[in-house]
Amino acid sequence: MADRTAKIVIIGGGPAGLSAASSAVKEGVDPSDVLILERDHVLGGILNQCIHNGFGLHTFHEELTGPEYAERFEKIVKEERIPCLLDTIVVNIEIEKGAEAAASPDGTGIDACKAGSGNDGAALSAACGRKLVSAMNKTDGYFTIEAETVILAMGCRERPRGALNIPGYRPAGIYTAGTAQRFVNIEGRMPGHRVVILGSGDIGLIMARRMTLEGAKVEVVAELMPYSGGLKRNIVQCLDDFGIPLKLSHTVVDIRGKERVEAVTIAQVGPDRKPVPGTEETYECDTLLLSCGLIPENELSGQLGVKLSGVTSGPVVNESLETSVPGVFACGNVLHVHDLVDYVSEEAAQAGKCAAKLVLGKCPAPDAPERVIPVLAKDGVRYTVPAEIRLNHMDELQTIRFRVGGVYKGASVVIDFDDQIFRSQKKKILAPGEMEQVILKKSDLEHAADLKAVTIRVAQAE
Amino acid sequence: MSKVTELTCIRCPIGCAITVTQDDEGKVTEIVGNSCQNGYLYAENEVTNPTRIVTSTVRVDGGVLPVVSVKTNGDIPKARMFDCMKEINRVHVRAPVSIGDVVLKDVLGLGVDIVATKNVGVMKDGRVYSRTGSGDDQLPRDSV
Ligand SMILES: Cc1cc2nc3c(=O)[nH]c(=O)nc-3n(C[C@H](O)[C@H](O)[C@H](O)COP(=O)(O)OP(=O)(O)OC[C@H]3O[C@@H](n4cnc5c(N)ncnc54)[C@H](O)[C@@H]3O)c2cc1C
Ligand code: SF4
C-alpha cells in the first residue's frame, strides 16, 4: 500500500518541475493533487548556482540571473500552494503490479490506455497503470506515493572525468566546471588560482569569467572539436572580454603533479581527433576544469522501462512529451539538454498541461481512430523532440525541437512530408551549441491525408 | 592613425563578424560586417562605451548559505569591472537577505547599486529559522 496518493507527481524541483507544476494547475488540476519531490533543500535546481545574468529574455523580456528566474516560478508554486517535499530523493518508480502487462515498453503513446473504457480520466489512468514512486527523506524515512501520472524533471549531470580518458595521475585540483561553480557561487570557496579549462561548454565559459573576476588566472580553454559547444554570447563575454584564448581542435594530453595539479599539457588534434605530435604546449596551473558536456539524468527512467534515445540519452516522447510508459511524461534537461532556460519552461509547461489533460479526462476518447505520424531526423539533424505526433492529441501548433551535428553556414532547415519538401527555411548559421526549432500546424498535417512521416533535415548551401 | 577593431556581434545567435574603424579622436568612421541595425549599434557602443552587468557573491553572516549572489542593477563600464569586484568583495551582510535588497549603494559612484539576487534565510544553532528573507513565504512544506 502506498503512504500517500497524488494525481501528478513531479520528480525534480528545477525550472522544468516548477513550470510543469504551475501549468498543470493552470489547466485545472487541484494544487493539492500535485506533488513536487526535490532532493535538494531548496527549489530551483541548477539555477541556484547559475548566478550570472542572461536568463528569461524570452519569457520575461528582461535579463535575470538564474536564482531570480527560479524565484519567479517558485513564487507561483507557493501562491498556488502546490505541495513540495524538499530534501527528498526519489529512488524508484514502478508500475503497480497487475497493471504492468498493460504498459507497452516500445512505441510511445498511451496505446495501453485504450483498454480503459470511455473518455473518463480515472478509468484511463487506471488502465495506464498507477505509478508507485518510492522516495526517502530524514523526517519520513522511506515511503511510497501512488500516482496517476509522473512527470520526470530530474535535469542532467556533467560528464564525469573518468569518461574523459586523460592519461596520468589523478591529483587534486581536477573538477567538473559545475562542481567548481557550486564551490564558488554557493559555498563561497575558490577551487584554485591558475586554471586550465578543457571543453568549451557553457558552464566552462561562465566559470572562466567567474574565476577571472575573483582574481584567478585562466590560462586557456581547450576544445576538442573544431567548433565551440557554447553559446556565442558566452564566448564573447566570458573569454574575449578577458583575453582568454580559446584553442579549438585541442585536447589535454598530460597532467603533471601527484598530490595537486602542477601543470597541464595540451596539444592540437588532427581530423581523427588524435593529438598531433610536436604541437604540445604546457601551462603551469593548480586547477583543471572539465566542461565536456551534460547527460540527461535517466537512471530512474531506465529502471522504469522508459525507452531512451541513443542520441539524446533522454526518453523518446510523443507530441504530449509522454514517454513509452503511458502516463509518464518528461521535460527539461532530463529529456534533452537545453541551453536556454526559457525553452525548458516552455517545454515543461507543455508536459504539465498534457499530464493535467490526462488526469482530468480531457484526452481524446481512447477508442477514437488514431493517426500516428513519426517525426524523423536526417542529414545533419541529430534528433527531434517529439519523435512522433498522434494527430488527435496534437495542439493547433506543435513545436519540434532539435539539434544539428555540425556547423552549417547558409544552409536550410527543410521539413519533408514523406519525400516532398513541405517547407524550407534558410538559416545564416546552424551550430551544435544552439537548439533549433520548427513549428508544425495541425491543419497542415490533417490536410496531408496519406502522410506517413515528417522528416526534418539540413540542406547545405550549394 | 586609424584604429581597427574586430568584434563578434552578440545581439542575436548569428554572431556576425564586425569590423569597426575609428579615427584619432575615437570617432567611428566605418562599420562593416553587420547584417542589421542592431549589430551597428552594438558595434558602435562596444568601441566607444562598452558596458557590462557584473554578477558575483557577497559574504553572509548567520545565513543558511555562506554567500548570497548579487548583481549590478544596471550596466557599468566594462573597464571598471575589476574595481567593482573589489568593492563587492569588501561587503558583508547579515541574514536574512531578500532578492532586490541593496547590499552596496552607488558602487564607485557609478550610479548603480549592488543588489541581492537570492533569498538567504537565517540559520541559528544549526537550525533553519527562515528559509527566505521575508519569513512568511515558507513553502507549503508537506509531510507524508
Ligand atoms: C552552468 C549552467 C549555465 C547555464 N546558463 C544559462 C543561461 O545563461 N541562460 C539560460 O537561459 N540557460 C542557461 N542554462 C540552462 C538552464 O539553466 C537549464 O537548462 C535548466 O536549469 C534545466 O532545468 P531542469 O529543471 O531541467 O534541470 P535542473 O535545474 O537540473 O533541475 C533538476 C532538479 O531535479 C532534482 N532531482 C534530480 N534527481 C532527483 C531525484 N532522484 N529525486 C528528487 N529530485 C531529483 C535535482 O536536485 C534538481 O533540483 C545553464 C545551465 C547550466 C548547467
Ligand atoms: S549584426 Fe544583426 S544579424 Fe548580425 S549578429 Fe548582430 S544582431 Fe544578429
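Quick caveat: nothing in here was measured; it's all calculated off a predicted structure. First the proteins, then the strands, lettered A, B, ... as listed; each starts at 1.
What you find for A:G188 and B:R59 is that their closest heavy atoms are O-NH2, 2.7 Å. Nearest heavy atoms, A:L213 versus B:F82: CA-CE2, 3.9 Å. When all heavy atoms of A:I186 and B:V67 are compared, the closest pair comes out as O-CG2, 3.4 Å.
Within the 4.5 angstrom heavy-atom criterion, no atom of A:Y69 approaches chain B. Heavy-atom distances place no part of B:K86 under 4.5 Å from chain A, backbone and side chain included. Only the side chain of A:R210 comes within contact range of chain B, judged by heavy atoms closer than 4.5 Å. When heavy atoms are compared at a cutoff of 4.5 Å, A:E214 approaches chain B by way of both its backbone and its side chain. Contacts of A:T212 with chain B are made by both backbone and side-chain atoms, with heavy-atom separations under 4.5 Å.
Contact check for A:I51 versus B:T57: side-chain heavy atoms found under the 4.5 Å cut-off. Contact of the A:Q237 side chain with the B:I10 side chain is registered, since non-hydrogen atoms from C-beta on lie closer than 4.5 Å. Within the 4.5 Å cutoff, the side chain of B:M81 has heavy atoms near those of the A:D241 side chain. Inter-residue side-chain proximity for B:I53 and A:E63 is flagged as unmet; no heavy-atom pair is nearer than 4.5 Å.
The CG atom of A:L64 lies 6.0 Å from the NZ atom of B:K71; values are rounded to the nearest 0.5 Å. To the nearest 0.5 Å, atoms CD (A:E68) and OG1 (B:T55) are separated by 10.0 Å. The OG atom of B:S69 sits 11.5 Å away from the CG atom of A:N53 when rounded to the nearest 0.5 Å.
Summarising the local packing, NZ of B:K78 is surrounded by more than 12 heavy atoms from other residues, nucleotides or ligands at distances under 6.0 Å.
Contact count against chain A (heavy-atom pairs under 4.5 Å) is highest for B:S56 among B:S56, B:C9, B:G100. Your options are A:A431, A:A135, A:P67, A:G44, and the one with the most heavy-atom pairs under 4.5 Å with chain B is A:P67. Taking A:D240, A:N48, A:L231 one by one and counting their heavy-atom pairs under 4.5 Å with chain B, the maximum is reached by A:N48.
Side chains of B:S35 and A:K428: a donor on one and an acceptor on the other come within 3.5 Å.
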